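Everything numeric here is computed off the predicted structure, so don't read it as measured data.
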Amino acid sequence: MADAPQVVPADAPQVVPAGDADVRHRKKSLVAINTPDGRSKTVNLEELSNADAQLAAQFGYKPVFKREFGYLSTFSFAVSISGLFSTIMTTFVYPISAGGSAAAVWCWLISGAGCMCIALSVAELVSAYPTSGGLYFTISRLAPHDWVPSLSWVTGWINLLGQVAGVASSEYGAAQMLLAAVAMGSGFNEELGAFNYEITTNKTIGIMAALTVLTGLVNSMSTYWMEKLTKSYVIFHVLILVSCSIALLAKTDNKHSAKYVFTDIESTSGWTPVGFSFLFGFLSVSWTMTDYDATAHITEEISEPEVKAPWAISMAMLFTYLAGFLFNIVLCFCMGDTAEILASPLAQPVAQIYYNSLGRAGGIFFTVCGFIIIKFVCFTAMQALGRTVFAFSRDRLIPASWIWVQINSFTGTPLYAVWISVACCISINLIGLGSYAAIAGVFNICAIALDWSYIIPIVCKLAFGKFEPGPWHMGKFSAAVNYWACIWTLFVTIIFLLPTVRPVAADTMNYAVVFLIFILLCSAVFWYGGGRKYYTGPIVEAAANDSEGDHSGISAEVKQDKANLS
């Protein structure tokens with residue numbers, strides 16, 4: 001695309017839109033901000049960085065985070081959300097059981113294209129509205145003001161469900177990988193045809209809970225340390241991905257033919273025709289290539305977020321799309337008998353592939369690497385979730401908001417928001433004690449809920465014509481990409497809500513619809529129980545004035561924004 005995306009250079013002086021009356025160039029331009037605890041504070045825009053001035057003047061939010069993230073750490077953060085190497089390990093079972101090798105390869109190529117359209121659409125909105133509220137905040141700028149409360153309420157609650165499910169399912173996958181490595185280390189008992197260490201659901205749930213607490217502890221550190229931890233991740237990830245691919249291709253003796261990899265369809269789902277079963281393979285890529293707006297939720301911790309955040313989202317998802325397609329092909333060439341890896345006592349088909357092809361040492365090494373990578377996914381996803389809870393509490397979208405909005409004076413981060421997130425993620429996975437099918441529902445609802453929380457703002461952008469592009473946008477291709485993102489999301493939602501196995505029973509049904517109904521019911525109860533009486537959408541906290549007596553600029557615009565949201 002010749003004229004898209006268009007990115008403003010890093011040293012460009014223009015940050016806030018022209019409509020904000022040259023905020024950065026006013027002398028002694030002051031913004032009076034009502035802090036979440038009800039106190040009033042006046043800040044001088046001249047004393048703030050460009051990004052903080054925009055946050056205060058254009059969006060009305062008090063800058064509370066340190067902007068530690070640059071280009072590399074922001075890109076690394078966006079890559080870590082997908083966790084390609086480990087998330088393919090976690091979800092490879094879905095396309096293989098749905099349609100065999102062909103489903104793993106072609107579902108990634110097809111669904112990945114749809115996911116790229118969603119990611120680019122999200123990046124465009126993030127560039128225009130870089131706040132920690134993410135796409136939830138954009139509703140206040142894209143929809144008619146009478147619609148803002150109800151649309152942003154639903155969008156926020158659905159996004160919250162998706163993020164909790166995303167962290168929870170990632171932690172469950174991390175527990176599976178860790179236990180698979182332990183089982184490999186215990187040795188294989190030839191007489192029993194099993195590993196000496198038995199993996200059970202109860203063990204997996206227990207390890208999951210402990211790992212989620214670890215994630216909470218890591219996210220209790222300051223943004224400075226989180227940025228340092230994140231920056232090196234992308235290099236480690238790429239090295240492991242490339243070295244594993246080379247090792248598998250070099251060490252696997254009986255690789256499949258190209259014809260088998262690209263054309264073999266084997267379904268164990270019970271659905272007919274097999275072509276329909278094939279569609280369930282879309283879950284792997286949709287679960288891997290989602291949570292695009294996680295980067296949006298840390299925009300208040302990024303310097304020049306209107307440029308760096310959308311660039312990181314688009315580039316990270318392009319890397320995930322292309323590298324994931326190639327890695328799936330490598331796994332299909334080297335996976336051996338499909339039935340054997342699906343019945344693996346490791347409960348991890350990809351870990352079984354590593355064990356079969358690379359032996360005990362190689363299997364343990366790359367499974368542990370997968371575990372480390374998915375823990376990075378959990379660390380960054382929890383950081384985004386904690387910032388989301390903070391942002392939603394700032395707008396009083398969720399119960400007990402006055403607690404979750406507090407910033408710890410020592411770490412400079414919302415610790416209460418982090419730990420309520422930890423509790424929710426553990427709770428949603430506890431349902432796995434009753435049925436493993438419920439865990440599969442957590443994976444499904446993650447993709448559904450997150451994608452719908454993106455599509456609602458995109459629909460508003462297309463329908464109401466209020467969108468004002470930021471420095472990163474797709475130009476004349478924008479509408480076409482947006483439309484396909486909406487159509488694709490509607491299509492895969494229908495697939496992901498259907499049971500993946502037939503005949504349908506209590507232990508095979510798709511519980512994603514249960515989670516979706518539950519969160520919508522909770523949001524409705526809270527709305528009619530009091531939320532509708534005070535919630536007017538994302539709160540614009542700022543009122544501005546010029547100490548030299550000029551009130552014609554930003555103050556009028558801020559007051560108008562307040563009126564619109566009331």
Heavy-atom distance under 4.5 Å between the side chains of [X] and [Y], does that happen here?
X: Leu241; Y: Phe327; value: yes
X: Leu283; Y: Asn444; value: yes
X: Trp287; Y: Ser170; value: yes
X: Lys375; Y: Phe379; value: yes
X: Leu397; Y: Trp157; value: yes
X: Phe515; Y: Ile448; value: no
X: Asn429; Y: Ile439; value: yes
X: Cys425; Y: Met382; value: yes

Please answer whether the main-chain N or O of [Y] pairs with a side-chain N or O of [X] as donor and acceptor at a distance below 3.5 Å.
X: His473; Y: Ser478; result: no
X: Thr288; Y: Val285; result: no
X: Asn510; Y: Ala512; result: yes
X: Ser76; Y: Val234; result: yes
X: Ser127; Y: Trp472; result: yes
X: Ser111; Y: Trp108; result: no
X: Ser140; Y: Phe137; result: yes
X: Ser453; Y: Ile158; result: no
X: Ser82; Y: Ala78; result: no
X: Asn159; Y: Leu450; result: no

Using 0.5 Å steps for rounding, measure from the [atom1] atom of [X] to the [atom2] atom of [Y].
X: Ser121; Y: Ile455; atom1: OG; atom2: CD1; result: 6.5 Å
X: Tyr136; Y: Leu160; atom1: OH; atom2: CG; result: 11.0 Å
X: Asp291; Y: Thr87; atom1: CG; atom2: OG1; result: 11.5 Å
X: Phe491; Y: Ile495; atom1: CZ; atom2: CD1; result: 4.5 Å
X: Phe477; Y: Cys117; atom1: CZ; atom2: SG; result: 12.0 Å
X: Thr91; Y: Ile88; atom1: OG1; atom2: CD1; result: 7.0 Å

Strictly below 4.0 Å, N to O, side chains only: are Glu124 and Lys461 in salt-bridge contact?
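Answer for the salt bridge query: yes.
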Once side chain to side chain donor-acceptor pair (under 3.5 Å) is applied, what residue pairs with a partner in residues 483-497 remain, sequence neighbours excluded?
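Passing the test, one end in residues 483-497: Trp452-Thr493.
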Go through it in stages, so that I can follow the logic: the residues are Ser401 and Arg394, the test is side chain to side chain contact (heavy atoms under 4.5 Å, CB included), and I'd like the CA-CA distance, side-chain angles, deciding distance and then a yes or no.
CA-CA 7 Å; Ser401 295; Arg394 184 167 58 184; over 6 Å; no
Exercise: identify the closest heavy-atom pair between [X] and [Y]:
X: Ser314; Y: Met116; value: O-CE, 4.2 Å
X: Ala143; Y: Val148; value: O-CG2, 3.8 Å
X: His237; Y: Gly83; value: CE1-C, 3.6 Å
X: Gly470; Y: Ala128; value: N-CB, 3.7 Å
X: Ser421; Y: Val389; value: OG-CG2, 3.5 Å
X: Ala119; Y: Ile313; value: O-CG2, 3.8 Å

Would you tell me whether [X] and [Y] have side-chain atoms, one donor and one acceptor, within less than 3.5 Å of each other?
X: Trp419; Y: Ser220; answer: yes
X: Thr413; Y: Asn408; answer: no
X: Thr388; Y: Gln163; answer: yes

Take Asn482 and Met474 through the test side chain to side chain contact (heavy atoms under 4.5 Å, CB included) and record every step on the way to the result.
CA-CA 10 Å; Asn482 294 166; Met474 293 181 285; 4.0 Å; yes
Which label fits [X] and [Y]: parallel for a plane angle under 30°, tilted from 30 to 60°, or perpendicular past 60°?
X: Phe526; Y: Trp153; result: tilted
X: Phe464; Y: Trp147; result: perpendicular
X: Phe443; Y: Tyr94; result: tilted

For Tyr528, does the OH atom sit with more than 12 other heavy atoms under 6.0 Å from it, leaving out its own atoms?
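At most 12 heavy atoms, drawn from other residues, nucleotides or ligands, come within 6.0 Å of this atom.
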What's the verdict on side chain to side chain contact (heavy atoms under 4.5 Å, CB included) for Ile374 and Phe85, showing C-alpha distance, side-chain angles and the deciding distance?
CA-CA 8 Å; Ile374 204 168; Phe85 181 80; over 6 Å; no
For Ile407 and Phe390, what are the C-alpha separation, side-chain angles and deciding distance, and is it a side chain to side chain contact (heavy atoms under 4.5 Å, CB included)?
CA-CA 9 Å; Ile407 299 294; Phe390 165 83; 3.6 Å; yes
May I have the step-by-step check of side-chain hydrogen bond (donor to acceptor under 3.5 Å, both in side chains) for Tyr535 and Ser152, ending in yes or no?
CA-CA 10 Å; Tyr535 182 77; Ser152 58; 3.0 Å; yes
I would like to know whether Asp451 and Thr290 meet side-chain hydrogen bond (donor to acceptor under 3.5 Å, both in side chains); could you show each step before the answer?
CA-CA 7 Å; Asp451 285 354; Thr290 191; 3.3 Å; yes
State which residues pass side-chain contact (heavy atoms from CB on, under 4.5 Å) with Tyr416; sequence neighbours excluded, sorted by chain then number.
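Listed in chain order: Ile403, Trp404, Gln406.
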Could you go step by step and tell me if Trp311 and Phe75 meet the ring-ring contact (aromatic ring centres under 6.0 Å, His included) rule?
CA-CA 8 Å; Trp311 172 83; Phe75 174 71; 5.7 Å; yes
